[in-house]
Asker: 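What follows is a structure written as structure tokens; I'll ask about it next.
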Amino acid sequence: MIIGRVNPNRTLETQGISGVGSVYYNLIEPALVEQALQRKEGTLGRGGALLCQTGQFTGRSPKDKFVVRTASVENTIWWENNAPMAPEAFAQLKADMLEHVKGRELFVQDLYAGADATHRVDVRMVTELAWHGLFIRHLLRRPSAEELQSFEPEWTIINVPSFKADPAKHGCRTDTVIALNFDEKTVLIGNTAYAGENKKSVFTILNYLLPEKGVMAMHCSANHAIGKPEDAAVFFGLSGTGKTTLSAAPDRTLIGDDEHGWSERGIFNFEGGCYAKTIDLSPEAEPEIYATTHRFGTVVENMVYDADTLELDFANRSLTENTRCAYPLDAISNASDTGLGGHPKHVVMLTCDAFGVLPPIARLSPAQAMYHFLSGFTSKAAGTERGITEPQPTFSTCFGAPFMPRRPEVYGKLLQEKILEQGASCWLVNTGWTGGAYGTGKRMPIKATRALLSAALDGSLDGVEFRKDPNFGFEVPVALPGVDAQLLNPRETWEDQAAYDAQARKLIDMFTKNFGQYLPFIDEDVKAAAIG
Ligand code: ATP
Ligand code: MN
């Protein structure tokens, strides 16, 4: 049975999905909340948020993600980074998944990915869980009622957490699978309920399609000066580096918190909502994000709450450190309603350096920016795994290797061209440790990071004196009114400066070792910017 609103010529039946139970098409938020509650998929929280738990998987499963290896993508996919799946295995997986959903009820959301109509992709998300429907409806961009009537799904993503894949039959690694097929424009997701897989599948698709049109696809947040969309900034960074936190700045208009394109006209959000971390979320430092956790329809994922009072426990890590909330952009008061901005005047690269070596902000030449973009350095703090006492450095190219189907140089060259064409200023910002490494020092105060970023973005930092960093070659401001000057020189924040120097050498060695893989593919000026 068809329930809801859908283009009558594009029901699931017309896509070869038949024999299923009732299909709920494009339900709006309250209806999805009602369905989720009826099915006991979650609990209604304070203020009307939907509190959900994902079970076994509380984060992405990058090792279980596959790209179907067909002739048309054979020479364009970066196979060292994307596990291949044979077309026959995918066909079997699809047949078995469609067999599995026979008789089951499904939710369909027809949505746009891309605020710029010329570059957007029209995605149909088919989910087993009502709350996944609500999640992706928040995260992507919603067509009008009229547009829905003629909606043509270009891509179809089918997400069935109750389906277990079989490695012997389906060419996968475990019973969890995320399989992308660029020929069939289909993604199949099985045996994981982590909601982030939905949005990052869409991101991976766009990261493949856009570079072909000369559009740069970026794992970054974005904002612009209030009332001046032409005065835009982007913030690249791996998970936990501060994209979501820092893009929601009180003195700027939020464009988006995670995925953007940079076309010939400027930047555009792929999404229409945000997916923020909630662990230790402070109502003082991040009031707007905090407020969304008590708002009708927000999806709150894997947070522990009091059974009687429904009070959320922001410090509780018992289900996961990766607790999240998902909400539409209009839940943030100073968010853009177009999702568009001009060519970025500032390109910021965020890193969370748990070694405590990198300065809180540094100005980069375009070649240095390319070096840091290809390196994609951050560190995961120790503590969650037994026996790990050292910070865990990671290099994830383009600040998002798991979502990059093409070779890193493709994205690197596009970004470099655009930075040079537009004369954008480039910055490296360390939101990680200061005063020592993890264990000795402390995390950079959000207030200091915000003050330095504000000064960089409004131009006031241009007027101050800079020093050249002897280790990394970039320029670091010496002082800025309102910011503790000592903070600007990390070496000075360490009690034992010889220990700082040793730590800096260690970090440089890691950078150098990692960067070797890109040397055959890059220009001389970027080679010259290579440190060490
Ligand atoms: P993801 O890609 O997983 O969404 P993200 O880059 O959006 O990650 P955030 O959600 O912004 O990362 O997470 C940054 C976390 O670090 C937040 O919990 C924030 O409170 C905390 N934090 C602490 N100090 C700082 C700082 N100086 N700047 C930014 N964030 C900080
Ligand atoms: Mn984020």
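Numbering of ligands and ligand atoms starts at 1, following listing order. The analysis underlying the following values was restricted to heavy atoms, covering all of them including side chains, and did not include hydrogens, waters or symmetry mates.
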Asker: Taking the ring centre of each residue, are Tyr371 and Tyr518 less than 6.0 Å apart?
Answerer: no
Asker: Judged on heavy-atom distance to atom 23 (C) of ligand 1, which of Arg443, Lys442, Lys447 sits nearest?
Answerer: Arg443
Asker: Is there a heavy atom of Pro445 sitting under 4.0 angstrom from any atom of ligand 1?
Answerer: yes
Asker: May I ask you to establish whether Arg141 and Tyr112 are in a cation-pi arrangement, using a distance under 6.0 Å from NZ or CZ to the six-membered ring centre and at most 45° from the ring axis?
Answerer: no
Asker: What part of Asp258, side chain, backbone, both or neither, has a heavy atom within less than 4.0 angstrom of ligand 1?
Answerer: side chain
Asker: Atom 18 (O) of ligand 1: which protein heavy atom is closest, and how many Å away?
Answerer: Ile279 O, 4.2 Å
Asker: For atom 2 (O) of ligand 1, which protein heavy atom lies nearest, and how many Å away is it?
Answerer: Lys243 NZ, 2.7 Å
Asker: Is it the case that ligand 1 has an N or O less than 3.5 angstrom from some N or O of Gly242?
Answerer: yes
Asker: Please report which non-hydrogen protein atom sits nearest to atom 8 (O) of ligand 1, along with the residue it belongs to and the distance in Å to one decimal place.
Answerer: Gly240 N, 2.9 Å
Asker: Here's one to test your reading of the geometry: is the NZ or CZ of Lys243 within 45 degrees of the ring axis of Phe235 and under 6.0 Å from its centre?
Answerer: no
Asker: Do Glu197 and Phe57 have side-chain heavy atoms sitting under 4.5 Å apart?
Answerer: no
Asker: Does any N, O or S atom of Thr244, backbone or side chain, fall under 2.8 Å from the Mn ion (ligand 2)?
Answerer: yes
Asker: Any N or O of Thr245 that comes nearer than 3.5 Å to an N or O of ligand 1?
Answerer: yes
Asker: Taking only heavy atoms of Thr241 into account, list the atoms of ligand 1 that are under 4.0 Å away from them.
Answerer: 6 (O), 12 (O)
Asker: Report yes or no: does a heavy atom of Thr278 sit under 4.0 Å from some atom of ligand 1?
Answerer: no
Asker: Relative to the heavy atoms of Leu238, which atoms of ligand 1 are at a distance of less than 4.0 Å?
Answerer: 6 (O)
Asker: How close does the nearest protein non-hydrogen atom get to atom 13 (O) of ligand 1, and which residue and atom is it?
Answerer: Lys277 CD, 3.7 Å
Asker: Indicate yes or no: does Glu409 engage Lys413 in a salt bridge with an N to O separation below 4.0 Å.
Answerer: no
Asker: Should you measure from each heavy atom of Met444, which atoms of ligand 1 turn up under 4.0 Å away?
Answerer: 24 (N), 25 (C), 26 (C), 27 (N)
Asker: So which heavy atom in the protein is nearest atom 25 (C) of ligand 1, and how far is it from that ligand atom?
Answerer: Ile446 CG1, 3.3 Å
Asker: State yes or no: are the ring centers of Phe395 and Phe511 separated by less than 6.0 Å?
Answerer: yes
Asker: For atom 20 (O) of ligand 1, find the nearest protein heavy atom and state the residue, atom name and distance (0.1 Å precision).
Answerer: Glu286 OE2, 2.8 Å
Asker: Taking distance alone, with no angle check, do Arg324 and ligand 1 share an N/O pair under 3.5 Å?
Answerer: yes
Asker: With a 6.0 Å cut-off on the ring centroids, do His260 and Phe270 count as close?
Answerer: no
Asker: Under 4.0 Å between a side-chain nitrogen and a carboxylate oxygen: does that hold for Arg317 and Asp280?
Answerer: yes
Asker: Given Tyr305, which of Asn316, Asp313, Thr43 fulfils the side chain to side chain donor-acceptor pair (under 3.5 Å) condition?
Answerer: Thr43
Asker: Is it the case that the ring center of His372 lies less than 6.0 angstrom away from the ring center of Phe377?
Answerer: no
Asker: Are side-chain heavy atoms of Tyr411 and Arg406 found at a separation under 4.5 Å?
Answerer: yes
